[in-house]
S.K.: 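Got a structure for you, questions after.
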There are 2 protein chains.
Amino acid sequence: MLISTRGRYALRILIDMAEHNSNKYIKLKEIAERQEISEKYLESIVKELVNHHIVVGLRGKGGGYKLSKAPDEINVGEVLRFMEGSLAPVACLEDNSTPCPKAPFCRTLDFWRGLDQIIRNYTDSFTISDLVKTEEAGNDYVI
Amino acid sequence: MLISTRGRYALRILIDMAEHNSNKYIKLKEIAERQEISEKYLESIVKELVNHHIVVGLRGKGGGYKLSKAPDEINVGEVLRFMEGSLAPVACLEDNSTPCPKAPFCRTLDFWRGLDQIIRNYTDSFTISDLVKTEEAGNDYVI
DNA sequence: CGTTTTACCTATTATATCAGTATGTTAATA
DNA sequence: TATTAACATACTGATATAATAGGTAAAACG
């Protein structure tokens with residue numbers, strides 16, 4: 001049931017961009033260094049964020065990436081869903097899945113539907129701005 | 001985020017046993033035929049159910065497996081958790097995980113904790129008896 | 001007693017996905 | 001025209017999944 005690095009890193013990229021948001025383009029190299037993730041690997045992840053119009057890229061000097069909308073307009077569930085392909089717990093609940101012939105007799109289908117729904121509701125209730133550091137909240141854990 | 005066949009098949013085995021519960025031992029071959037799953041593969045799954053005292057086995061003629069407790073005493077979340085190893089969405093929330101040094105600054109930890117919790121609450125709210133066919137409910141889907 | 005039956009035990013394997021690396025190309029700026 | 005940084009494509013090692021194969025132990029039956 002683990003969320004892969006693609007989904008997790010995508011959130012970290014977006015949070016990083018939201019926290020360093022100055023309307024300028026941010027180099028991927030900067031993000032990679034701050035987040036301690038391979039720049040090359042991040043490229044493949046940012047590519048998807050660009051394809052889904054969550055961020056925009058600009059090439060050349062002074063280029064980089066920036067958010068294409070406000071952090072509170074970027075839905076966490078949506079991002080996770082396209083980065084992971086799906087968040088459904090079983091294949092038959094994924095989009096574009098071929099209808100299961102056993103569905104009419106399936107004892108577990110409603111259980112899985114319910115699980116799928118609560119995951120959907122929960123993840124959809126967050127935006128990137130909900131995950132961004134506010135004041136010094138992040139240090140409350142330190143004694 | 002997919003639940004593997006081990007978790008799904010385990011539920012199907014338990015539901016099958018609950019529906020054919022006559023206090024007698026049921027041969028794995030029967031279950032394998034009804035569920036259309038390889039008997040050999042089911043063996044490795046039932047083994048875990050035996051280890052966790054959910055079912056008991058008896059060898060020889062007239063042997064097989066039966067539930068070691070009533071269906072309404074078998075918790076779905078518990079079964080899924082030990083069959084899957086864990087249902088946590090991120091490794092740092094799994095049992096016995098080494099503490100993450102970044103936890104104090106992690107922007108996403110609370111989000112993942114919340115997700116883990118709703119999955120836990122939901123799956124723990126079901127028992128096998130909730131999944132068993134009641135009357136002809138399973139055919140309600142058929143027009 | 002010995003044959004059948006069925007659970008139990010220990011490898012081995014094909015396939016796919018994950019997580020990343022490597023190398024090169026295009027476009028924007030200075 | 002050189003530099004910068006995004007964009008594109010191909011490849012790779014490791015790991016997990018979903019099984020299969022082949023055997024051993026114990027309970028019943030005749």
Side-chain angles (χ1 to χ4, degrees), chain A residues 1-13 17 20 24-68 80 83-91 94, chain B residues 1-13 17 24-33 35-68 80 83-91 94:
Chain A
M1 280 282 283
L2 291 179
I3 298 284
S4 75
T5 53
R6 293 179 64 79
R8 291 188 289 112
Y9 290 179
L11 294 186
R12 286 170 62 182
I13 291 169
M17 292 177 74
H20 297 84
K24 286 198 298 184
Y25 287 89
I26 305 169
K27 284 185 289 183
L28 200 55
K29 195 185 174 189
E30 269 183 42
I31 299 176
E33 280 168 2
R34 274 198 295 261
Q35 299 296 325
E36 297 179 274
I37 303 172
S38 143
E39 185 186 349
K40 276 292 166 192
Y41 190 40
L42 284 195
E43 276 187 5
S44 70
I45 291 162
V46 173
K47 185 185 176 182
E48 289 233 42
L49 296 174
V50 171
N51 287 344
H52 285 82
H53 309 102
I54 307 292
V55 305
V56 282
L58 180 72
R59 296 199 242 201
K61 200 164 191 175
Y65 295 98
K66 67 177 181 183
L67 300 178
S68 68
L80 288 177
M83 288 305 302
E84 298 289 308
S86 165
L87 288 185
V90 286
E94 288 176 346
Chain B
M1 280 283 282
L2 290 179
I3 298 285
S4 75
T5 53
R6 292 179 64 78
R8 292 187 290 110
Y9 290 179
L11 294 186
R12 286 169 63 181
I13 291 170
M17 290 176 75
K24 285 199 297 184
Y25 287 89
I26 305 169
K27 284 183 290 183
L28 199 56
K29 195 185 174 188
E30 270 183 42
I31 299 175
E33 279 168 2
Q35 299 295 326
E36 296 178 274
I37 303 172
S38 143
E39 186 187 347
K40 277 291 171 190
Y41 190 41
L42 283 195
E43 277 188 6
S44 70
I45 292 161
V46 174
K47 184 185 176 182
E48 289 233 43
L49 296 174
V50 172
N51 288 342
H52 284 82
H53 309 102
I54 307 293
V55 305
V56 282
L58 179 73
R59 298 199 241 203
K61 199 163 192 176
Y65 295 96
K66 67 176 179 184
L67 300 178
S68 68
L80 288 177
M83 289 305 302
E84 298 289 309
S86 165
L87 288 184
V90 286
E94 288 177 346

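Per chain, numbering begins at 1; letters A, B, ... match sequence-line order.
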S.K.: Please determine if B:Glu43 and B:Lys47 form a salt bridge, counting it only when a charged side-chain N lies under 4.0 Å from a carboxylate O.
M.R.: no

S.K.: Given D:dA18, C:dG20, D:dC7, which nucleotide is nearest the side-chain atoms of A:Arg59?
M.R.: D:dC7

S.K.: Any idea which of C:dT6, C:dC9, C:dG20 is nearest the B:Lys47 side chain?
M.R.: C:dC9

S.K.: With sugar-phosphate meaning primed atoms plus P, OP1 and OP2, does A:Leu42 contact a base, only sugar-phosphate, or nothing at under 4.0 Å between heavy atoms?
M.R.: nothing

S.K.: Which part of the nucleic acid, if any, lies within reach of B:Tyr65 when heavy atoms closer than 4.0 Å are counted: base, sugar-phosphate only, or nothing?
M.R.: sugar-phosphate

S.K.: Could you check whether B:Lys40 gets within reach of a base, just the sugar-phosphate, or nothing at all, counting any heavy atom under 4.0 Å?
M.R.: base

S.K.: Given C:dT6, is OP1 or OP2 found less than 4.0 Å from the side-chain N or O atoms of B:Lys61?
M.R.: no

S.K.: Kindly indicate whether the side chain of B:Thr5, heavy atoms from C-beta on, has any atom under 4.5 Å from the side chain of B:Tyr41.
M.R.: yes

S.K.: Which of the following nucleotides, C:dT21, D:dC7, D:dG22, is nearest to the side chain of A:Glu43?
M.R.: D:dC7

S.K.: For a quick test of reading the model: is some side-chain N or O of B:Thr5 closer than 4.0 Å to OP1 or OP2 of D:dT17?
M.R.: no

S.K.: Which one, C:dT21, D:dA18, C:dC8, comes nearest to the side chain of A:Tyr41?
M.R.: C:dT21

S.K.: Can you find a side chain N or O atom of A:Ser38 that sits less than 4.0 Å from OP1 or OP2 on C:dT21?
M.R.: yes

